[in-house]
Number of protein chains: 2
Amino acid sequence: MTTAALGSRTLAHPARDAVRLEAVLHALSDPVRLSVVLDLAAADGELPCSYFDLPVTKSTTTHHFRVLRESGVVQQAYRGTAKMNALRRADLDALFPGLLDSVLGAARLQADRLEHV
Amino acid sequence: MTTAALGSRTLAHPARDAVRLEAVLHALSDPVRLSVVLDLAAADGELPCSYFDLPVTKSTTTHHFRVLRESGVVQQAYRGTAKMNALRRADLDALFPGLLDSVLGAARLQADRLEHV
DNA sequence: GTCAAACTACGAGGACTCTCGTACAATGAG
DNA sequence: CTCATTGTACGAGAGTCCTCGTAGTTTGAC
């Protein structure tokens with residue numbers, strides 16, 4: 001259809017107050033999603049889904065980004081054919097001070113630790 | 001049997017180096033287990049399983065404590081008929097500095113937030 | 001209009017999770 | 001020994017999760 005009515009290509013995000021710690025921890029407990037969050041934090045801005053080189057198919061990639069969005073970890077928006085992703089840093093830091101940074105730090109430490117074969 | 005051979009009533013714990021961030025985050029992403037960890041942190045010491053008043057049966061309680069132990073979050077040991085539980089603070093702080101405290105802080109903040117009906 | 005790129009929707013399989021009930025084992029008190 | 005307390009083992013059901021393949025939509029470039 002050509003009538004791009006409002007909401008046609010819009011994505012549902014939980015409001016800040018609706019974000020739940022349990023859901024955030026669950027979202028971060030998957031290796032694929034954790035690596036995505038790590039990249040997003042390093043980029044410090046928007047990245048398209050196609051930027052990520054994940055060890056899963058496109059379908060599964062869509063699934064993981066949806067989990068990240070619905071848990072409140074990332075903000076998503078369409079831009080042309082791409083879907084841009086950004087960490088919801090302000091929201092997460094306001095709700096759970098220090099949590100995101102300590103998870104990111106822990107993930108980096110563990111990556112270093114496991115590299116030392 | 002009366003021959004209490006070594007390992008008879010011993011519990012398997014992951015070594016510090018075997019603790020995985022993903023497993024810890026998953027363990028903490030369940031409401032029942034998160035409340036247990038909150039109580040253990042407040043107690044700052046050992047607590048028997050029977051101390052906790054969880055909204056699940058004994059079987060399910062056993063399951064949740066096993067998840068916490070196998071992920072490396074808690075240390076367990078039998079003492080008489082009781083099974084004592086303690087947070088593995090030193091290990092967690094060494095592996096993932098600040099993580100446990102920020103999760104605990106986030107959990108308390110969210111509890112306060114959700115109480116304000 | 002045609003085409004490629006990016007992403008989605010749907011359905012499905014297999015694994016894991018949370019939950020329970022029942023029956024059982026280990027311990028310490030009497 | 002008997003008994004109550006504490007926790008386990010086992011099996012099972014319902015639900016969720018991660019994964020995929022195939023077919024489709026949306027967009028922008030040509």
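Below, all heavy atoms of this structure are taken into account, side chains as well, without hydrogens, waters or symmetry copies. Lettering of chains follows the sequences in order, A, B, ..., and the numbering in each one begins at 1.
Thr57(A) meets the side-chain contact (heavy atoms from CB on, under 4.5 Å) test with Ser59(A), Thr60(A); sequence neighbours excluded. Applying the side-chain contact (heavy atoms from CB on, under 4.5 Å) rule to Arg20(B) yields the partners Gln110(A), Arg113(A), Leu114(A), Glu22(B), Ala23(B); only residues at least two apart in sequence or on another chain are considered. With sequence neighbours excluded, the residues that form a side-chain contact (heavy atoms from CB on, under 4.5 Å) with Ala94(B) are Arg16(B). With sequence neighbours excluded, the residues that form a salt bridge (Lys or Arg N to Asp or Glu O under 4.0 Å) with Asp101(A) are Arg89(A). Residues forming a side-chain contact (heavy atoms from CB on, under 4.5 Å) with Ala41(B) (at least two apart in sequence, or on another chain): Leu87(B), Leu104(B), Arg108(B).
One finds a side-chain N or O of His64(A) lying less than 4.0 angstrom from the OP1 or OP2 phosphate oxygen of dT19(D). Between Thr57(B) and the phosphate of dT19(C), there is no side-chain N or O to OP1/OP2 separation shorter than 4.0 Å. Taking 4.0 angstrom as the limit, Thr60(A) places a side-chain polar atom (N or O) nearer than this to OP1 or OP2 of dC20(D).
Cluster note: Tyr78(B) groups with Leu11(B) through ILVMFWY side-chain heavy atoms spaced under 4.5 Å, whether in direct contact or through intervening members.
Contact annotation: the side chain of Pro97(B) approaches that of Leu109(A) to within less than 4.5 Å [non-hydrogen atoms, C-beta and beyond].
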Nucleotide-resolved protein contact map, nucleotides 2-8 of chain D, B/S/- at heavy-atom distance under 4.0 Å: ---BBBB

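Rounded to whole Å, the distance from CZ on Arg79(A) to P on dA29(D) is 14 Å. Counting to the nearest Å, the P atom of dT17(C) and the CD atom of Glu22(A) are 18 Å from each other. Note: CG (Leu54(B)) to P (dC20(C)) measures 11 Å, nearest angstrom. Protein atom CZ of Phe65(B) is 18 Å distant from nucleotide atom C1' of dA9(D), rounded to whole Å.
Counting only residues at least two apart or on different chains, no salt bridge (Lys or Arg N to Asp or Glu O under 4.0 Å) pair has a member in residues 65-76 of chain A.
Interface residues of residues 31-45 of chain A facing DNA chain C, ordered by number: none; criterion, heavy-atom separation under 4.0 Å.
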